[in-house]
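Contents: one structure, followed by commentary.
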Amino acid sequence: MTVAARIHVRSVVNSAALRHNLARVRALAPDCRVLAVIKANAYGHGLVPVARALAASDAFAVARLEEGLVLRDAGFDQRVLLLEGVRMPEQLAQARQQGFDLMVHSFEQLALLEGDAGRTPLRAWLKLDTGMNRLGFRPEEFRAAHARLRAIPGIVEPPQLVTHLANADDRSDPMTAAQLRRFADTTAGCPGERSIANSAGILAWPDARSEWARPGLMLYGVVPFRGESGADFGLSPVMSFETEVIAVKTVLPGESVGYCATWRAGRPSRIAIAAVGYGDGYPRATATGAPVLIDGRRAPLVGRVSMDMLTVDVTDLPTVRPGDRVTLWGDGLPVEEVARYAGAIPYELTCGVSQRVLHEVR
Ligand SMILES: *Cc1c(COP(=O)(O)O)cnc(C)c1O
């Protein structure tokens, strides 16, 4: 059987949209260099094709050594920052060999660098914890950590200075301004380029812009703000998650649809069965009423999402038939909107598209 004859459950990645979104980042943060965050398989979009489309960014950021190695194996020789740094001597040796930039966020990592005999110059990014309480030195520890880092032979001078915002997607939370103040106060007088803003910081907090911006989500055309979508900021969705209708059936009033019989027809209904389910990464938690696009028109999801299928009430779309294209999110249906029906954030949805889905790059 040829590929064309198969049912296509596809995640289509639009390279032109990635390039457009990178240009939007540059327009919104004109004086910043862009550290394109492509961890977690580029938020589920595919690490290597996304890196290729975003090759014009100033550097890449990934979470882990393994992700950086995939980039090097694919031939990328750009700067790559490992956002979690390294923990073991073998990892440090590999990071040096590959020329990776390292986040330094703990005294254990400082000790690792101090005890290392490697001489290849290493670029370090020192992380200050301004309130996220995840990675980084506490403000009262920062000066000492900074002095120790700068005393290590081979560390390129001066190290970059970093913090991460905990709640920048809530424009009304005073926490962000407090974090920015703490960062400015703690690093006052320290030389070195700063990096503060994630996507929410770039979009909503002009004061968070610094030498290096670290956009992730917005590069994929998605925004973290409740009730808004990428289009509101001139961004284009990158991922289109698609399948097709494989059956249409009639349901009588009072009859239920799907597992647990959570939805019952209140009128004679036509139900389209779409070939996609939680086994493909469409969240099972998605509530009845969530929009689905069938040939570009919206219809509501009804009943429980199954592993390989979901059901859509197309009573009001009488022309729907097997073979029609179904879009779960993407062009015309923001993943931000679907995420709300799933009780999730858009990051989870794009990251969750599973291996068995055909990944296509255009
Ligand atoms: C993931 C990550 C980012 C990108 O965040 P977005 O909200 O996707 O823009 C930036 N900085 C750090 C440290 C991260 O872990």
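Heavy-atom basis, side chains included; hydrogens, waters and symmetry copies ignored. Just so you know, ligand 1 is whichever comes first in the structure, and atom 1 is the first atom listed for that ligand. Quantities reported herein were computed from a predicted structural model and do not represent experimental measurements. Residue numbers start at 1 and run along the sequence shown.
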Which pairs of donor and acceptor atoms, one on a side chain in residues 210-220, lie under 3.5 Å apart (sequence neighbours left out)?
| residue | atom | partner | partner atom | Å |
| --- | --- | --- | --- | --- |
| Ser210 | OG | Arg194 | O | 3.1 |
| Ser210 | OG | Ile196 | N | 3.4 |
| Glu211 | OE1 | Arg194 | N | 3.0 |
| Trp212 | NE1 | Glu193 | OE1 | 2.7 |
| Arg214 | NH1 | Thr163 | O | 3.3 |
| Arg214 | NH1 | Ser195 | O | 3.0 |
| Arg214 | NH1 | Ser195 | OG | 2.8 |
| Arg214 | NH2 | Thr163 | O | 2.9 |
| Arg214 | NH2 | His164 | ND1 | 3.1 |
| Arg214 | NH2 | Ile196 | O | 3.3 |
| Tyr220 | OH | Val37 | O | 2.9 |

Donor-acceptor pairs under 3.5 Å, side chain of residues 45-54 to any protein atom, not counting sequence neighbours: which ones?
| residue | atom | partner | partner atom | Å |
| --- | --- | --- | --- | --- |
| His45 | ND1 | Ala42 | O | 2.9 |
| His45 | ND1 | Tyr43 | O | 3.1 |

Does atom CZ (Arg298) have a neighbourhood of more than 12 heavy atoms from anything else shown, all under 6.0 Å? yes
Has Asp58 got a side-chain atom pairing as donor or acceptor with Val34's backbone, closer than 3.5 angstrom? yes
Considering only distance and modelled atom types, tabulate donor-acceptor pairs under 3.5 Å from the side chains of residues 355-362, sequence neighbours left out.
| residue | atom | partner | partner atom | Å |
| --- | --- | --- | --- | --- |
| Arg356 | NE | Asp280 | OD1 | 2.6 |
| Arg356 | NH1 | Asp308 | OD1 | 3.2 |
| Arg356 | NH2 | Asp280 | OD1 | 3.3 |
| Arg356 | NH2 | Asp280 | OD2 | 3.1 |
| Arg356 | NH2 | Met307 | O | 3.4 |
| Arg356 | NH2 | Asp308 | OD1 | 2.8 |
| Glu360 | OE1 | Arg362 | NH2 | 3.1 |

Residues in contact with ligand 1, criterion: heavy atom under 4.0 Å: Val37, Lys39, Tyr43, Leu83, Lys127, Arg134, His164, Asn198, Ser199, Arg214, Pro215, Gly216, Leu217, Tyr347
Please assess Arg138 against Asp129 for the test salt bridge (charged side-chain N to carboxylate O under 4.0 Å, His left out), listing each intermediate value before the final yes or no. CA-CA 5 Å; Arg138 297 185 58 86; Asp129 189 338; over 6 Å; no
